[in-house]
Number of protein chains: 4
Amino acid sequence: MQQESDKAMGTPQQHPQPRRSDTRRRIQQVALELFAEQGYEKTSLREIAERLDVTKAALYYHFKTKEDILSSVAEDLAQPLRDLIAWAEAQPHSLATKQELLRRYSDILWSSVDLFRFIQENQATVRELTVGENFRTSMKALGELIKDPAAPIAAQVRSVTALFAMHAGMFVTQNVEGDPEEKRAAILEVALDLVAQAEAEASILTG
Amino acid sequence: MQQESDKAMGTPQQHPQPRRSDTRRRIQQVALELFAEQGYEKTSLREIAERLDVTKAALYYHFKTKEDILSSVAEDLAQPLRDLIAWAEAQPHSLATKQELLRRYSDILWSSVDLFRFIQENQATVRELTVGENFRTSMKALGELIKDPAAPIAAQVRSVTALFAMHAGMFVTQNVEGDPEEKRAAILEVALDLVAQAEAEASILTG
Amino acid sequence: MQQESDKAMGTPQQHPQPRRSDTRRRIQQVALELFAEQGYEKTSLREIAERLDVTKAALYYHFKTKEDILSSVAEDLAQPLRDLIAWAEAQPHSLATKQELLRRYSDILWSSVDLFRFIQENQATVRELTVGENFRTSMKALGELIKDPAAPIAAQVRSVTALFAMHAGMFVTQNVEGDPEEKRAAILEVALDLVAQAEAEASILTG
Amino acid sequence: MQQESDKAMGTPQQHPQPRRSDTRRRIQQVALELFAEQGYEKTSLREIAERLDVTKAALYYHFKTKEDILSSVAEDLAQPLRDLIAWAEAQPHSLATKQELLRRYSDILWSSVDLFRFIQENQATVRELTVGENFRTSMKALGELIKDPAAPIAAQVRSVTALFAMHAGMFVTQNVEGDPEEKRAAILEVALDLVAQAEAEASILTG
DNA sequence: GATGAATGAGGCTTCATTCAT
DNA sequence: CATGAATGAAGCCTCATTCAT
């Protein structure tokens, strides 16, 4: 086995080792597809294996458990989120930062839209998995970064809503006509507005 | 057996005939609790039965299937939603209507907060259950009622966001300090603002 | 309860007792229908009860067990068979008797065709039920009555075949065109021929 | 797994590689035994598994469903029957063909006597299983091959009886004394006679 | 003459996981 | 790098039956 041992190998091997089997990657792909389509619980390892035309046992060569497959897939979202949070924490807590945060968050979300959708639709399941815990932690951190605990409640709600508006936007805009890119931009705009309004609302009182 | 009958009795019997075991009601209660806590798939009928100190077979006396239990519970949300939609469809599509729609929606949501939370967190599972289909249908109808298909995309997104802001609000405000009622009011306010802004945005162009 | 207590009450009660509920009879009818259609094991008491629009418990008022329902129904065939055997045992073991035996057997079979069909198609199930035991006993007795243990094997087989030809005839003639009565007569004729031939075959040797 | 694969291997491997557990075969054997003894419905997978000293789940490694086990077993009878029918359809519809048909049918029946007995005794159950459907189809085809639709009804019945005489013969001759082989020959003889008589009966009219 | 409510046993099936090869 | 074979636990569901009312 080699599980867990391949993070970052960067440069390809010089001696053209018959091309490191991509089975692991294929498992991840198919698993995500199926998890997103049918949910985590309803997707069995048998199904994944059949889709890949390998045996279940083969999955266990590449991953320790079912959850492990999910965790490995989830890193695509988790790592960027951690990076984003680290970045934001190092910035001044200004409106500009918050808006940039939203812009970057939007990018991350749309880069892993299937995965994000999966997490959203499987919260109950994912809650007691590492994946879910991590995601909640990240969301909480983002919440802290975007709202001002000293602001009036309405302002805080507005800020947090900016974040969730983007989540919802990924699902709901299916019923809104128009070019996807345009919609995405519109969603981001609404979110940016919301933090701006929140900031204004707060400064009226303090200012 | 009586499955599905419910014999709506409206006014309580005068001769407080205490027969008619309340097991059915207790099953619904416990089931909702467990479904909300652990998810639908992860909650087994064995668990529900044990919690009620009856046998699994007893559950099947009262409900035809596991899904049936859920469906029966979900009516608490489904019926009010259908009523709300019917009401709104009979009103003029004015801003006032939309805002009243949001107010009533807020009431409904908070009346069945556990159930709503459950649906939200188990979307993947619930998707191919009757319950989920109904809920999606309702959400779509609400979406149509609150947005103006002729408005610019940003306005439409803003409207739809009003709806989802309230969903999100039910979860996220856990991290915002303050009195629950005050928070709920704040969320509604943000939503009301959003439709108002959407309306304004639309009328600038048309007006 | 009254189970078992109503055999033969012949003349109706004088005091027009609100007409002795015919539920018992209806249960028997429906049960036989379903048993014949789907088999004994696959027919549940729930199904019978539903078809009659009564509760399962009602069935238990009229019959002690599921098997009891079957037993009671099976008497329609069992009693005539016992009578037939008793009759034949009192006759000389002549060809004429054997042929009359077949004629009477044919009548009995076609009088309870559904029940007979049921027994035939559910032998494995019925084998360890009283009903099945009785039926086997009867068939064995009929076998003894129709064949001559001193005859050559081929003759004995021919005799026994006469009996079973009539069983088979009830099923198979579905694929033979023609008027049912005519077919029934044809089957009987074939059977009568077979015993006649058997008798001839035997007497050549002995005679 | 291998379900359905069977990889017909014809000639035995030279290097008597004894791997490839024979569990599948053992399941089939035990299942047939129990099905024949107790009936299909009354035989549970638990029972089969226990008898083999494996878990129920092991059965599911080798077969998709309970019915699948039966189907796989039934091929022993179904395939020869299909072959026989194909053969007979390619022959002239002469008496000689019909008699050879009966001879071959006899061989097939006695080669799978347990299986045949099972089907016979579990018709109600088997009726809506693929196995039963196939068997009915085969019987119908054999019926068409052995009888002459233009002959008088009695002749047709006689022909069809020839077929069923052999079925009955497998069960009933238990009560006839004598060497099994001799009995089997006697049954076949009776059947051969029956088609011969049917043919004669038909040609009197037409000839 | 029946119902309402429930039980205990057991059915088939699926799942994640293991391990020798 | 993977398969073949199997397991233990558990899932949903159905059944015949009981009994107080």
Side-chain angles (χ1 to χ4, degrees), chain A residues 1-2 18 20-21 23-24 41-49 52 54-69, chain B residues 1-3 5 19-24 41-49 52-69, chain C residues 1-2 18 20-21 23-24 41-49 52 54-69, chain D residues 1-3 5 19-24 41-49 52-69:
Chain A
M1 305 221 194
Q2 33 94 253
R20 207 190 172 307
S21 132
T23 302
R24 190 183 153 92
E41 316 257 19
K42 294 249 289 276
T43 301
S44 67
L45 295 188
R46 177 180 53 66
E47 227 173 332
I48 297 176
L52 287 165
V54 296
T55 61
K56 268 182 293 174
L59 305 183
Y60 280 90
Y61 175 80
H62 292 284
F63 298 94
K64 251 199 323 278
T65 65
K66 186 182 179 187
E67 182 177 351
D68 224 52
I69 300 181
Chain B
M1 50 171 114
Q2 35 105 249
Q3 257 149 223
S5 49
R19 84 191 218 300
R20 181 18 127 226
S21 110
D22 60 333
T23 305
R24 193 183 150 93
E41 317 257 20
K42 295 252 288 275
T43 302
S44 67
L45 295 187
R46 180 180 52 67
E47 226 173 333
I48 298 177
L52 288 166
D53 207 51
V54 294
T55 61
K56 268 180 291 167
L59 304 184
Y60 279 93
Y61 175 75
H62 293 282
F63 298 94
K64 261 203 308 285
T65 63
K66 186 183 180 185
E67 182 177 351
D68 223 51
I69 300 181
Chain C
M1 303 220 196
Q2 33 94 251
R20 202 186 177 310
S21 132
T23 304
R24 191 183 152 91
E41 317 258 19
K42 296 250 288 277
T43 301
S44 67
L45 296 187
R46 176 180 53 66
E47 229 173 331
I48 297 176
L52 288 165
V54 297
T55 60
K56 267 183 294 175
L59 305 183
Y60 280 91
Y61 175 79
H62 292 283
F63 298 94
K64 252 199 322 278
T65 65
K66 186 184 180 185
E67 182 177 350
D68 225 51
I69 300 181
Chain D
M1 49 173 116
Q2 33 104 249
Q3 259 147 226
S5 49
R19 85 192 217 301
R20 184 12 131 224
S21 112
D22 61 334
T23 303
R24 192 183 150 92
E41 317 256 22
K42 296 250 288 277
T43 302
S44 68
L45 296 187
R46 179 181 50 68
E47 227 173 332
I48 298 176
L52 288 166
D53 209 53
V54 296
T55 61
K56 269 179 292 169
L59 304 185
Y60 279 91
Y61 175 75
H62 293 282
F63 299 94
K64 261 203 307 286
T65 63
K66 187 184 179 185
E67 182 177 350
D68 223 52
I69 300 182

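Please read all numbers here as calculations on a predicted model, not as lab measurements. Letters go in sequence order (proteins before strands), and every chain restarts at 1.
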In Å, rounded to the nearest 0.5 Å, how long is the span from [atom1] of [X] to [atom2] of [Y]?
X: C:K56; Y: C:S44; atom1: NZ; atom2: OG; answer: 8.0 Å
X: D:L45; Y: D:I69; atom1: CG; atom2: CD1; answer: 5.5 Å
X: D:H62; Y: D:D68; atom1: NE2; atom2: CG; answer: 13.0 Å
X: B:K66; Y: B:E41; atom1: NZ; atom2: CD; answer: 6.0 Å
X: A:L59; Y: A:T23; atom1: CG; atom2: OG1; answer: 10.0 Å

Could you check how far [atom1] of [X] sits from [atom2] of [N], rounded to whole Å?
X: B:I48; N: F:dG11; atom1: CD1; atom2: P; value: 11 Å
X: D:L59; N: F:dA5; atom1: CG; atom2: P; value: 14 Å
X: B:D22; N: E:dG4; atom1: CG; atom2: C1'; value: 14 Å
X: A:K42; N: E:dT13; atom1: NZ; atom2: P; value: 20 Å
X: D:D53; N: F:dA6; atom1: CG; atom2: P; value: 12 Å
X: A:L52; N: F:dA2; atom1: CG; atom2: C1'; value: 13 Å

Under 3.5 Å, which protein N or O atoms sit close to an N or O of nucleotides 16-19 of chain E? Give each pair with its distance.
residue: E:dA16; atom: OP1; partner: A:K66; partner atom: NZ; Å: 2.7
residue: E:dA16; atom: OP2; partner: A:L45; partner atom: N; Å: 2.8
residue: E:dT17; atom: OP2; partner: A:Y60; partner atom: OH; Å: 2.8
residue: E:dT17; atom: OP2; partner: A:K66; partner atom: N; Å: 2.9
residue: E:dT17; atom: O5'; partner: A:Y60; partner atom: OH; Å: 3.1
residue: E:dT17; atom: O4; partner: A:K56; partner atom: NZ; Å: 3.3

Quiz prompt | For C:K42, all residues meeting side chain to side chain donor-acceptor pair (under 3.5 Å), sequence neighbours excluded | solution = D:E128
Quiz item: Want to settle it: does B:E47 or C:E47 sit nearer the 5' end of DNA chain F, counting the closest nucleotide to each?
Solution: B:E47
I want to check one thing: is the phosphate of [N], taken as OP1 and OP2, less than 4.0 Å away from some side-chain N or O of [X]?
X: B:H62; N: E:dA6; result: yes
X: D:Y61; N: F:dA5; result: yes
X: D:T23; N: F:dA5; result: no

Quiz item: According to a 3.5 Å limit on both distances, what stems of 3 or more consecutive Watson-Crick or G-U pairs are formed with DNA chain E?
Solution: E:2-21 with F:2-21
